[in-house]
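Single-structure report; data block below.
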Amino acid sequence: MASTPSAAPFFARLAPAHFSTGTKMLLILTAALLPLGLIALFASIQSAHAKQTQREADARVVAIAEARQIDILLLRGASLIRSNLGGAIVNDRVCRSMLTRDQATLNAPLKLALYNGDGSLACATPGFAAARLPRPRSATLTATLLPGDDGLRFTVPAANGMYGIGEIPRNHLHTVLATDRSQGITLIQGDARLDISSIGQVSPFVRRVEVATPAASGQIRLLLTVAASRISAVEILLVLLPLLMWAAAAAICWIVLDQLLVRPLRQMQSAIALYQPGDGPLILPRITTPAEEIRSLGEALESTASQLVARELELEEGLNRQVRLTREVHHRVKNNLQVVASLINLHARGTEGDVAAAYASIQRRVDALAVVHRNHYAELEENRGVALRSIVAELTANLRATAPASAAHMTITLDMISAFITQDVAVPVAFLVTEIVEMVMTCDPTGSIALTLLPGDTPDRAVLSMEASGLTASACAGNIGRGRFERIITGLARQLRSTLHYDETRGRYEIAIAVTPDLEREDQVAKKI
């Protein structure tokens with residue numbers, strides 16, 4: 001069955017590896033909850049946009065109503081003027097009385113003027129300088145904004161060629177439109193503007209809604225500006241609430257996870273890091289989390305630690321028992337070799353000549369093997385192998401003690417580095433040294449031999465060299481045991497898995513042997529580097 005892909009690697013990549021677990025969890029939770037916060041924020045913005053659209057629709061209704069008031073005023077004025085232009089104007093007094101009646105009918109301080117068919121002024125209301133006004137070019141009702149915010153002028157032509165002109169003052173327009181301080185109305189015609197009312201300066205937190213609608217049959221554009229209600233703290237909170245909820249959700253999740261999950265795990269980690277196997281059973285701090293899994297994990301860790309301590313004690317006891325058995329084996333082998341050496345010594349008594357020399361040679365080899373076991377027995381606690389310098393020093397001392405009378409004054413010098421070798425290497429090395437020293441005793445009893453141990457090419461190799469004048473080809477040319485000696489040391493070199501080099505001019509044997517690397521010295525060198 002195919003495994004379901006996990007989202008954990010994706011969220012793990014959101015936080016850098018060097019961040020703490022709490023920081024990583026906060027970043028992951030923030031990223032995980034961000035889409036929900038954005039959706040809620042979008043919904044809030046859409047709701048605010050819907051409210052703004054509703055306000056614009058309400059303002060548009062008001063603007064249309066205000067434009068209709070202007071249209072009604074213009075149509076009423078145009079109807080009255082047309083009724084006056086239906087017949088001939090008898091005289092100036094009758095004309096003025098008609099205009100006065102029109103003002104009373106309109107109940108407005110409009111400026112009115114009537115013109116004859118030839119364009120001459122018939123009459124005008126008092127204070128209206130209408131004599132020089134231009135003749136209308138259109139056969140329909142026209143409306144024009146007056147310069148200087150004086151008001152609105154409309155022209156009404158008649159079928160008989162007569163026409164009338166009226167002007168509506170700005171103050172009357174302000175009264176007709178019934179504006180208040182929350183509304184601003186401006187009439188716009190081309191570059192001309194007539195401000196009927198203004199809302200003035202408003203706070204940045206007060207919304208301004210502007211809508212435009214045609215008036216006077218589309219000849220004028222009415223611009224309505226509405227100062228809506230202030231942006232309240234509640235509305236600001238509603239817009240910011242999704243972001244606050246997103247941040248609060250991430251913070252709450254982080255606190256819950258950090259305190260109930262990460263913190264107990266961190267406590268257990270600290271307790272485990274400070275625990276040492278020899279300190280007794282592992283005791284974790286009291287876990288105060290409702291997560292049953294974490295408490296079970298703590299109990300499992302304590303149980304596992306107890307089992308490991310018990311197992312370690314068993315292993316330590318078994319190792320100590322094995323060490324004691326091994327020491328006992330080496331001790332018994334050493335004792336057996338000493339018994340063998342004593343028996344050889346007893347049989348050698350009373351013998352002379354070659355027989356005594358043969359017994360002495362055998363005894364020296366048994367002593368060499370005993371030296372290896374004794375040193376291995378002594379170094380067993382450190383488990384580093386056998387100290388080669390100690391073996392060679394004890395071995396050469398025994399060789400000088402058991403040397404024949406002719407070689408009583410032969411000198412053996414040692415110049416060896418500190419090195420440790422295994423028992424498999426120690427035995428053939430001990431026999432090799434014994435064979436070569438005994439050969440020097442035979443070929444040059446009054447001479448000397450120098451044993452040197454130097455570091456090899458690698459840390460696990462060392463070079464053992466033995467040089468004496470009695471080992472030259474000329475010194476031992478007549479020795480009948482030379483051939484047997486060569487076969488023996490070649491076989492020992494083969495056991496050491498190395499090549500024995502011989503310089504017949506200098507009387508020098510040299511061989512590379514395996515040694516145990518000095519780990520402490522390597523660590524010190526590595527730290528210096």
Side-chain angles (χ1 to χ4, degrees), residues 60-90 94-125 127-177 185-196 211-224:
R60 190 172 300 279
V61 171
V62 174
I64 292 174
E66 300 292 358
R68 185 176 293 113
Q69 291 295 327
I70 295 177
D71 292 343
I72 292 173
L73 181 59
L74 290 175
L75 291 175
R76 289 183 63 191
S79 297
L80 292 175
I81 290 176
R82 285 196 181 96
S83 65
N84 295 331
L85 297 176
I89 299 175
V90 178
V94 175
C95 180
R96 289 179 180 273
S97 65
M98 289 190 298
L99 295 181
T100 302
R101 187 184 67 246
D102 293 342
Q103 287 181 329
T105 302
L106 292 173
N107 193 21
L110 272 64
K111 296 178 180 181
L112 301 174
L114 299 177
Y115 294 85
N116 296 313
D118 58 358
S120 61
L121 177 64
C123 64
T125 56
F128 186 17
R132 297 182 180 181
L133 294 179
R135 184 183 181 94
R137 298 180 180 180
S138 175
T140 59
L141 175 66
T142 59
T144 307
L145 295 179
L146 297 176
D149 291 343
D150 289 339
L152 175 64
R153 177 184 296 163
F154 60 95
T155 303
V156 183
N160 56 8
M162 299 176 67
Y163 62 93
I165 296 177
E167 290 185 357
I168 306 174
R170 175 181 175 275
N171 294 335
H172 184 66
L173 289 174
H174 185 276
T175 302
V176 170
L177 298 180
I185 297 178
T186 302
L187 301 180
I188 301 174
Q189 188 178 45
D191 296 334
R193 295 174 64 92
L194 176 59
D195 293 327
I196 306 300
V211 293
T213 186
S217 300
Q219 301 178 64
I220 299 173
R221 191 160 55 94
L222 185 145
L223 179 63
L224 175 67

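Any value given below was found using the heavy atoms of this structure, including those in side chains, with hydrogens, waters and symmetry copies removed. Just so it is clear, the structure is predicted and the values come from calculations on it, not from any experiment.
- Atom CG of residue Leu146 and atom CD of residue Gln189 lie 10.0 Å apart, to the nearest 0.5 angstrom.
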Let's go through Thr142 and Arg137 carefully: what are the C-alpha distance in whole Å and the side-chain angles of both, what is the deciding distance for side chain to side chain contact (heavy atoms under 4.5 Å, CB included) to 0.1 Å, and is it a yes or a no? CA-CA 9 Å; Thr142 59; Arg137 298 180 180 180; over 6 Å; no

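- Contact check for Met162 versus Leu114: no side-chain heavy atoms found under the 4.5 Å cut-off.
- Paired with Leu145 under the rule side-chain contact (heavy atoms from CB on, under 4.5 Å), one option of Ile220, Asp191, Ile188 passes, and it is Ile220.
- Each of Val61, Leu222, Val62 was compared with Thr213 under the side-chain contact (heavy atoms from CB on, under 4.5 Å) criterion, and only Leu222 meets it.
- The heavy-atom pair separating Asn107 from His172 by the smallest distance is O-CE1, 4.2 Å.
- Remark: the backbone N or O of Ile165 is not paired with any side-chain donor or acceptor of Tyr115 at under 3.5 angstrom.
- For the pair Leu80/Val156, no side-chain contact is recorded, criterion being any heavy-atom separation below 4.5 Å from C-beta on.
- Scanning both residues, Cys95 and Ala122, for their nearest heavy atoms gives SG-C, 4.2 Å.
- Although no hydrogens or angles enter the test, the distance criterion places no donor-acceptor pair under 3.5 Å between the side chain of Gln103 and the main chain of Leu112.
- In terms of modelled atom types and a separation under 3.5 Å, the side chain of Asn116 and the main chain of Asp118 share no donor-acceptor contact.
- Put simply, the side chain of Asn160 gets close to the backbone of Leu85: a donor and an acceptor are under 3.5 Å apart.
- Heavy-atom contacts from other residues, nucleotides or ligands closer than 6.0 Å to CZ of Arg170 number more than 12.
- A heavy-atom distance below 4.5 Å is found between the side chains of Ile196 and Leu187.
- No side-chain heavy atom of Glu167 sits less than 4.5 Å from a side-chain heavy atom of Asp150.
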Please walk me through it: do Asp102 and Thr125 pass side chain to side chain contact (heavy atoms under 4.5 Å, CB included)? CA-CA 10 Å; Asp102 293 342; Thr125 56; over 6 Å; no

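- Judged by distance alone, the side chain of Arg96 and the main-chain N or O of Ala124 form a donor-acceptor pair under 3.5 Å.
- The minimum heavy-atom distance between Thr155 and Pro136, with the atom names listed, is CG2-CB, 3.2 Å.
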Run the side chain to side chain contact (heavy atoms under 4.5 Å, CB included) test on Leu121 and Phe128 for me, step by step, so that the C-alpha distance in whole Å, both residues' side-chain angles and the decisive distance to 0.1 Å come before the verdict. CA-CA 11 Å; Leu121 177 64; Phe128 186 17; over 6 Å; no

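- The shortest heavy-atom contact between Arg221 and Ala212 is NH1-CB, 3.6 Å.
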Show your reasoning for whether side chain to side chain contact (heavy atoms under 4.5 Å, CB included) applies to Leu173 and Leu73. CA-CA 9 Å; Leu173 289 174; Leu73 181 59; 4.2 Å; yes

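- Taking every heavy atom of both residues into account, Ala130 and Ala113 meet most closely at CB-CB, 3.6 Å.
- Of all heavy-atom pairs spanning Leu99 and Cys123, the tightest one is CD1-SG, 3.6 Å.
- Between the side chain of Arg135 and the main chain of Tyr163, no donor-acceptor pair closer than 3.5 Å is present.
- Put simply, the side chain of Gln219 never gets that close to the backbone of Thr144: no donor and acceptor are under 3.5 Å apart.
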